Amino acid sequence: MREDAAASGSASATMLAQESGTIDEAILLPPIPPNGENGERKWARDYFSIAAGIVSVPSYSGSDERNILPGFYLRGRVSGFAFSTRGTNLQVDLVRQRRGEKTDVKLGPIINLRSDRTGRIKDPQVEALGEKKLAIEAGVMAGVTHTGLVTSGYDQLGFRVVALKDISGRHGSWAISPTIDYGTPLSKRAYVGVSASVNLYGKGFGGYYYDIDPAGSAASGLPVYDRAGRKATLGKYTLGMAGAYALSGDLRKGFVLVGGAQYGRMLGRFGDSPIVSIAGSRNQWLAGGGVAYQF
C-alpha cells in the first residue's frame with residue numbers, strides 16, 4: 001500500500017463534516033504515508049483525489065433533528081505541497097514532504113466557513129431565535145504523522161491541531177481543535193481508521209451560538225441563558241471511524257467506496273444551553289458515504 005490508499009480512505013471523513021456547523025472533522029482524515037518507490041524524485045509523488053456522496057448531520061450543532069445533504073471532498077499534492085478540503089474549510093501544508101519520509105510534519109494556513117444555524121433549522125423554537133450569519137474564520141493547522149507503527153509498514157498515527165479566529169465579525173472569537181487519529185490498510189482493497197478530538201471555544205463563540213437573550217426568549221419560549229459566553233470552555237468531544245473499499249481492487253487508484261460515522265457529545269455550558277438541553281440533544285451523530293476517485 002502507498003500514500004494513495006490513505007488518501008482515498010480518508011474521503012469519508014470530510015463528507016461527514018460537511019455543513020455540520022463545526023470544524024472538528026473528527027471522523028478520520030489520515031495523513032498521506034511516504035512513498036517508498038525507488039527513483040530520483042526528491043518529493044513525495046503528486047496525486048489528486050475527489051469524492052462525492054450524501055451525509056446525515058444534525059440541523060445545527062446540538063440539534064436532535066437531522067438533515068440529509070450532499071457531501072464532497074478534494075485533496076491533492078503537487079511538488080511535495082499538500083492541500084485538502086475538510087468539510088467547509090480549505091487548508092494547505094507548506095512543509096513539503098520528501099519521498100520516503102516516515103515522519104511527516106505539517107504546518108500551514110486554513111480558512112473555514114462556519115454555517116451553523118444559517119439555515120435548515122428544523123426545531124421551531126430554535127428557528128424563532130433567528131438565523132445566524134455565515135462566519136469566515138482563518139487560522140493555522142499544525143501536526144505530525146508517523147507511518148509504520150503497529151500492523152504494517154503502512155499504518156499511521158497522527159496528531160494535529162487546528163486554531164481558527166473569526167475574521168468576519170460574527171462571533172468575534174476563536175476555536176481550537178486537537179485531534180488524534182490512527183488508520184491502517186487491511187489489504188490492497190480495504191482501509192479503516194479511527195479518531196478522537198475535543199473542541200475548545202472562546203467566550204464570544206459560546207455567547208453568539210448558545211446564549212439566549214430576553215428578546216430571543218420571548219420569541220422562542222426558551223429560557224434566558226447567558227452561561228455559554230462567560231468564558232472559554234470545552235464545547236464538544238467526538239469519536240469517529242471510517243473505511244474504504246476499492247472497486248478496482250487497488251486503493252491506490254480508481255474508484256473507491258467510502259463511508260463512516262461519528263459520535264459527538266456536547267459538553268459543559270454548551271450542553272446546558274436550552275437550544276441543546278431542551279430543544280436538542282447533547283448526543284450528536286453523523287454518518288455518510290459515497291464514491292471517491294483518485295489519480
Side-chain angles (χ1 to χ4, degrees), residues 1-14 17 23-49 73-112 137-165 174-185 191-200 238 240 242 244 251-252 294:
M1 308 294 294
R2 305 290 186 194
E3 67 243 17
D4 305 317
S8 295
S10 66
S12 57
T14 300
I23 52 88
D24 56 28
E25 79 228 6
I27 295 173
L28 181 63
L29 283 166
I32 303 163
N35 190 325
E37 297 174 359
N38 295 322
E40 299 300 322
R41 188 176 63 252
K42 181 177 181 180
W43 307 112
R45 70 182 295 274
D46 296 348
Y47 79 94
F48 187 81
S49 61
Y73 163 87
L74 294 171
R75 187 172 187 166
R77 182 172 55 217
V78 178
S79 299
F81 294 108
F83 65 90
S84 65
T85 61
R86 298 186 176 192
T88 52
N89 69 50
L90 170 66
Q91 54 189 276
V92 179
D93 180 10
L94 298 180
V95 181
R96 302 173 83 176
Q97 185 177 11
R98 293 180 178 272
R99 180 176 61 87
E101 283 184 333
K102 286 188 173 293
T103 300
D104 180 25
V105 177
K106 300 178 182 297
L107 179 67
I110 179 171
I111 188 164
N112 181 62
E137 301 166 334
V140 63
M141 67 88 185
V144 60
T145 299
H146 188 75
T147 300
L149 289 161
V150 182
T151 61
S152 69
Y154 306 106
D155 65 337
Q156 299 174 325
L157 178 66
F159 175 78
R160 66 181 181 276
V161 177
V162 171
L164 291 167
K165 177 71 171 65
W174 50 267
I176 298 176
S177 301
T179 298
I180 186 169
D181 50 40
Y182 174 79
T184 184
Y191 185 93
V192 296
V194 293
S195 74
S197 72
V198 294
N199 299 279
L200 178 67
T238 56
L251 284 165
R252 297 173 294 180
Q294 180 158 297

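Along the sequence shown, residues are numbered consecutively beginning with 1. Computation of the quantities below employed the complete heavy-atom set of this structure, encompassing side-chain atoms and omitting hydrogens, waters and symmetry-equivalent molecules. Remember, it's a predicted structure, so these values are computed and weren't measured experimentally.
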- Message: Applying the side-chain hydrogen bond (donor to acceptor under 3.5 Å, both in side chains) criterion to Thr238, which one of Ser197, Ser177, Ser195 satisfies it?
- Response: Ser197
- Message: Could you tell me if the side chain of Arg98 sits less than 4.5 Å from the side chain of Lys42, heavy atoms only?
- Response: yes
- From CD (Gln156) to NE2 (His146), nearest 0.5 Å: 10.5 Å
- Task: Flag the pair Lys106 / Val95 as yes when at least one side-chain heavy-atom distance between them is below 4.5 Å, and no otherwise.
- Result: no
- Rounded to the nearest 0.5 Å, the CG atom of Leu157 sits from the OG1 atom of Thr145 at a distance of 8.0 Å
- Message: As an exercise, state the distance from CD of Glu137 to OG1 of Thr88, rounded to the nearest 0.5 Å.
- Response: 8.5 Å
- Query: Nearest 0.5 Å, what's the CG-OG1 distance between Asp155 and Thr147?
  - Reply: 8.0 Å
- Closest contact, heavy atoms only, Ala163 versus Ile110: O-CG2, 4.4 Å
- Query: Is Gln91 close to Phe83 at the side-chain level, that is, under 4.5 Å between some pair of heavy atoms?
  - Reply: no
- Using side-chain contact (heavy atoms from CB on, under 4.5 Å) as the criterion, point out the one residue from Thr179, Leu107, Ile180 that pairs with Arg160. Thr179
- Item | From CG (Asp46) to CZ (Phe81), nearest 0.5 Å | 11.5 Å
- Quick one: are Pro109 and Leu94 in side-chain contact, heavy atoms under 4.5 Å? yes
- Item | Thr184 side chain reached by Val150 side chain, heavy atoms, under 4.5 Å | no
- Please test Asp93 against Arg77 for salt bridge (Lys or Arg N to Asp or Glu O under 4.0 Å), starting from the C-alpha separation and ending with a verdict. CA-CA 9 Å; Asp93 180 10; Arg77 182 172 55 217; over 6 Å; no
- Who are the side chain to side chain contact (heavy atoms under 4.5 Å, CB included) partners of Val161, not counting sequence neighbours? Phe159, Ile176, Pro178
- Item | Contacts of type ring pair (Phe, Tyr, Trp, His ring centres under 6.0 Å), residue Phe48, not counting sequence neighbours | Phe295
- Message: Please give me the minimum heavy-atom distance between Val144 and Val105, naming the atom from each residue.
- Response: CG2-CG2, 4.3 Å
- Measuring from Ser49:OG to Leu74:CG, what's the distance to the nearest 0.5 Å? 7.5 Å
- Begin with the C-alpha distance, continue with both residues' side-chain angles, and end with the deciding distance and a verdict on side-chain contact (heavy atoms from CB on, under 4.5 Å) for Gln97 and Trp43. CA-CA 6 Å; Gln97 185 177 11; Trp43 307 112; over 6 Å; no
